[in-house]
Amino acid sequence: MIYTYEEALHWIHSRLRLGIKPGLKRMEWMMEKLGHPERNIKALHVAGTNGKGSTVCYLRNILEESGYTVGTFTSPYFEMFNERISINGTPIGNDELIHLVNQIIPLSDELEKTELGAPSEFEVITAMAFSFFGNHQSMDFVIFETGLGGRLDSTNIVNPMLSIITNIGYDHMDLLGNTIAKIAYEKAGIIKSNVPVISSAEQPDALNVITTRAKELNSSTMLMDVDYFITSQTSQEEGECFSLKTPQDTLNNLEITMMGTHQVKNAALATAAILFLRSQQSLFVHDEAIRTGLKKAKWIGRFEQVSDNPKIILDGAHNPEGVSSLIQTIKSHLSEKRIHIIFSALKDKKLEEMIEPLSTVADSITFTSFEFPRVTPAIDLFNLCPKHPQKHYEENWRVAIDQKVLELKQEDVLLITGSLYFLSEVRPYIFNMTEL
């Protein structure tokens, strides 16, 4: 029996030793023992390489503005572990987390004795989320974000109202495959029989995989630049403005505060999903709720300004596609500024394809490290960087940040980017620093 929040977290994190365990058998076993809570949930299921979290955020805010109670299951967390299971953006309480852990522990112990083996950390957390939303707390809708891939992801036991696939890019190639088609196959694994799918994927290979899979399962598709269109976009000082045309509706001059063309695509995907569900009378949402929800949506660690003086921005560009989007946003919103980058990343990424583009927009670039099993040493990142007159490395990220902040001038911006796990450590440190 677990009695404290700290004990609960310790038990959950102890599952990390089991690593990543793709497959659904253990989840199906636990759901059977729990009375199939996943069947009691009106769910939206979101997969993709980049943009999942932001898309979930836009969806949640629109639904909230319409008066719905919305659960979300997301990863990773930034400020507290409980964020992963939230209601209307508010993390569940510590007592609720303790209760869920005590519910799962005996199942985990029993499962470990079977031929299926012990559940991983992510499987445990996913089971907790399904139990919470399906057995304990009634929601109007629950939005599930996949953790890795889709086909064999723990969340893929859910049968949603709508499957949503964001962009497809090169990430986790050791597990998902080394081509866009192979990665798209894993993401398209969330498509269920007769469940519509909507996607903002752009590469022909990815679209071919998604449409083929949907056709096999008799699932209708709604694709960006095929069925719904972003008809205009302009960058503003505090975000972006765009217009959207779908088979159901046209909405002009929608505004978001998250910056970048990639965020316009995420917001358009979420809005098109809402408009589709509205056309199916699966929900009731007024246009004004869409506008307000989009404008209110904020997602931690996505081109997030966490300090004004000095100007510090955090962005979780953790793969080549994320870096490409970040560079576009820098050019749109920071073209007059001197950019100083601090970067850290995990070993299983395409590091050279991230570092080289970042170095082209950086007036200085500092590589660092943090405590994590798969982190790349700062010296290794430094050695991968092409010749740059102002490249440095410092293994201690706190020292790297402190030194760079002291050097910043009025026209400078400090951009801290790379792994989302890295940013989750950096963010509270920056807030504490700027409050002193």
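If you're wondering where the values come from, they're calculated on a predicted model, not measured in any experiment.
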Item to check | Donor-acceptor under 3.5 Å (Thr368 side chain, Glu394 main chain) | outcome: yes
Checklist entry - Taking the six-membered ring for Trp, are the ring centroids of Phe130 and Phe144 within less than 6.0 Å of each other? => result yes
Next on the checklist: With side chain to side chain contact (heavy atoms under 4.5 Å, CB included) as the test, pick out the partner of Met30 among Thr126, Leu116, Leu111.
Outcome noted: Leu111
Item to check | Heavy atoms of other groups near Lys192 NZ, more than 12 under 6.0 Å | outcome: yes
Checklist entry - Is it the case that Tyr5 and Asn82 place a side-chain donor and acceptor less than 3.5 Å from each other? => result yes
Item to check | Flag, side chain of Asn156 to backbone of Leu152, donor-acceptor distance under 3.5 Å | outcome: no
Next on the checklist: Please check this pair: side chain of Glu395 against backbone of Ala378, looking for a donor-acceptor N/O pair closer than 3.5 Å.
Outcome noted: yes
Checklist outcome for this item: Separation between CD (Glu371) and CD (Glu425), nearest 0.5 Å, reads 7.5 Å
Item to check | Between Gln103 and Ser131, a side-chain donor and acceptor under 3.5 Å | outcome: yes
Next on the checklist: Going by salt bridge (Lys or Arg N to Asp or Glu O under 4.0 Å), name the residues that satisfy it together with Lys296, two or more places apart in sequence or in a different chain.
Outcome noted: Glu65
Item to check | Quiz item: cation-pi between Lys391 and Phe367, 6.0 Å / 45° | outcome: no
Next on the checklist: What I want to check is whether the side chains of Thr261 and Gln233 have a donor and an acceptor closer together than 3.5 Å.
Outcome noted: yes
Checklist entry - Between the main-chain N or O of Val70 and the side-chain N or O of Asn88, is there a donor-acceptor pair closer than 3.5 Å? => result yes
Next on the checklist: Under a plain distance cut-off of 3.5 Å, with no hydrogens placed, do Gln263 and Asn266 share a side-chain donor-acceptor pair?
Outcome noted: yes
Item to check | Side-chain touch Pro386/Ile355, heavy atoms, less than 4.5 angstrom | outcome: yes
Item to check | Within-4.5 Å side-chain heavy-atom neighbours: Glu83 and Thr74 | outcome: no
Checklist outcome for this item: residues 67-89 vs ring-ring contact (aromatic ring centres under 6.0 Å, His included), sequence neighbours excluded, gives His13-Phe81, Tyr68-Phe141, Phe73-Phe122, Tyr77-Phe81
Next on the checklist: Donor-acceptor pair, distance only, cut-off 3.5 Å: does the side chain of Thr211 make one with the backbone of Leu207?
Outcome noted: yes
Next on the checklist: Whether the side chain of Thr376 engages the backbone of Ala345 through a donor-acceptor N/O pair (distance < 3.5 Å, no angle test) should be reported.
Outcome noted: yes
Checklist entry - With distance as the sole criterion, is a donor-acceptor pair present between the side chains of Arg60 and Ser86 under 3.5 Å? => result no
Checklist entry - With distance as the sole test, does Glu240 use its side chain to make a donor-acceptor pair with the main-chain N or O of Gly260 at under 3.5 Å? => result yes
Checklist entry - Hey, is the main chain of Val285 close enough, under 3.5 Å, to the side chain of Arg278 for a donor-acceptor pair? => result yes
Item to check | Main-chain N/O of Thr69 paired to Asp140 side chain as donor or acceptor, under 3.5 Å | outcome: yes
Checklist entry - If we only count heavy atoms from C-beta on, is the Arg291 to Leu254 side-chain gap below 4.5 Å? => result yes
